[in-house]
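Only one structure is covered here, and it is reproduced in the block below.
For clarity, every value in this text was computed on a predicted model and none was experimentally measured. First the proteins, then the strands, lettered A, B, ... as listed; each starts at 1. Heavy atoms only: backbone and side chains are in, while hydrogens, waters and symmetry mates are out.
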Amino acid sequence: MRKVAVASYATSNFVRNINSSIFELACQPCIEILKDSSLGREEIDAVLFSSCSTEQYSSAIISEMLGIKPKVAYRMDNLCNSGTNTIVSGMSYIAAGLCDSVLVVGAEKADSKANRLEWDITRGSFISPVYWAALFAKAHMQKYGTTEEQMAMVSVKNRNNAIKNPSALFRKPVTLEDVLSSRKIADPIKLLDCCSTCNGSSALLLLSENKAKKLCENPVWIKGVGQRTNSASFSKTAYDLSSISAAKNAARDAFKMASLKPKEIDIAEVHDAFSILEILAYEDLEFVDKGEGGKFVEQDQLSINPRGGILGCGHPVGATGVAQTAEIVKQLTGNAGQRQIKHCKNGLVHNLAAAGTSATIIILGVN
Amino acid sequence: MPDFLDFIKKGQFRITICLSCRKKIWPPSSFCSYCLSKTKFRKIKNAGILREYVYSYKNVDCQKTTFGIIDLSGIVLIGSICDTTVYRGMKVKMTSCGISPDGKVFYHFAPSFENNNMNK
Ligand SMILES: [Zn+2]
């Protein structure tokens, strides 16, 4: 298998309101990458678009708008997991020798239907994601003694991290008291335990080893990936709410492929659409023992979700996985400015979709 | 073959059962996800067990709604419970189902008092 590098990245501002089309939104970070790169547009072999937008032929449209004639162009939709899935697909083309350069772009409008899986009638009238998240939270509290304060601390940390991220949706700090006293949605989840959908886009340029060594000063390498799709309906995950098994098993695959252990990860972007999900991620990624996730938050976990996570940045669904990966690359190349985490060599991206029925883990490193 | 929604519109809860291996297929499908044989819609017992529950504050009709994961004769779904004094392992029964005016499928449950030991 050939090595694959992330050569460059760009992320738009994540905002509540926007006038541009999904195509213009998607092109925005791509233009930034193409202008900065010495790679000619005629050298781009694939344009893969991650979005839950239902616009037809979108990847070909984006390619035409950007003046690219790729061999391969298509859109991928996997709800919140779309971006990370698309990166793994792009990587696969290069690893297999079918492509040398792949442009991966994720974009979503705030009014996208991506935040509800209407097909899943097993959720009854409780179709919004906050309901399954509340059930996970309640079960974790009951089984492991996790507290509402510990969940609130995740929101406080990530919202505070987002202050240092100019493209984040939320740039004002929140206190523990703010989170705990915010409106109850579904016990124990309150308004500030929840992310917010928004408009946003992010893009990455993936290159083969030969191309990366020629064109790129500090390539970051994709060292390991893991993906699992256990089901689509909540009914199949509801039997065990103590962990998200798709993430746990995907992480084991990714660590094995990267020949790394959880303790060797210096920095991570984990899926925190609801604060409880970050606590579950600590455990599923084996950063801590099962049940210890709540206590782990109490230690100062600055190196988890340094861009502000989904809670701080907002959640343009198709862009999220790409933006998470862009942040890890930014950190590993020492370009994260005032939010730079020192001495990081290996980073991890953790992403989920639809009640944790599917998950993707990507491990990146500087050598 | 009729659709799940055709039944639920009439207030009837049906799931599919495989005609070959007899497994319950939920959410319903015209074929079995285990052996890929054809399925048929069937009634199931309306007695269930509440596995986990949460109070929701979003519903506009009442201040506090209880909803939870209900194990209904071997299948799992999220339903609302018309009671706020509930506990894990409580026996419940489906009292109604249908499609609400906003187009959402709903499953309503009530405690099944005759079977519950209220001392837990
Ligand atoms: Zn069968």
Report task. Heavy-atom distances under 4.5 Å only: say whether B/I99 touches chain A with side chain, backbone, both or neither. Result -> neither
Query raised in the report: By a 4.5 Å heavy-atom criterion (distance strictly below it), what part of B/Y53 contacts chain A: side chain, backbone, both, or neither?
Result: both
Query raised in the report: Taking A/I189, A/I127, A/D120, A/D187 one by one, which has the highest count of heavy-atom pairs under 4.5 Å against chain B?
Result: A/D187
Report task. Give, as side chain, backbone, both or neither, the part of A/L241 having an atom under 4.5 angstrom from any heavy atom of chain B. Result -> side chain
Query - Within 6.0 angstrom of A/Y239 OH, more than 12 heavy atoms from elsewhere - result: yes
Report task. Below 4.5 Å from any heavy atom of chain A, which atoms of B/S33 appear? Answer side chain, backbone, both or neither. Result -> neither
Query - SB check A/E298 A/K295 (cutoff 4.0 Å) - result: no
Query - Per-residue contact mode, A/I121 against chain B (heavy atom under 4.5 angstrom) - result: both
Query - Of A/D253, A/L285, A/V225, the residue whose pairing with A/I361 passes side chain to side chain contact (heavy atoms under 4.5 Å, CB included) - result: A/L285
Report task. Identify whether the distance between the nearest side-chain nitrogen and carboxylate oxygen of A/K157 and A/E278 falls below 4.0 Å. Result -> yes
Query raised in the report: Atom NZ in B/K40, atom SG in B/C32: separation rounded to 0.5 Å?
Result: 15.5 Å
Report task. Check whether B/Y55 gets within reach of chain A through its side chain, its backbone, both or neither, counting any heavy atom under 4.5 Å. Result -> both
Query raised in the report: Can you say whether the rings of A/H140 and A/Y144 are parallel (under 30°), tilted (30 to 60°) or perpendicular (over 60°)?
Result: tilted
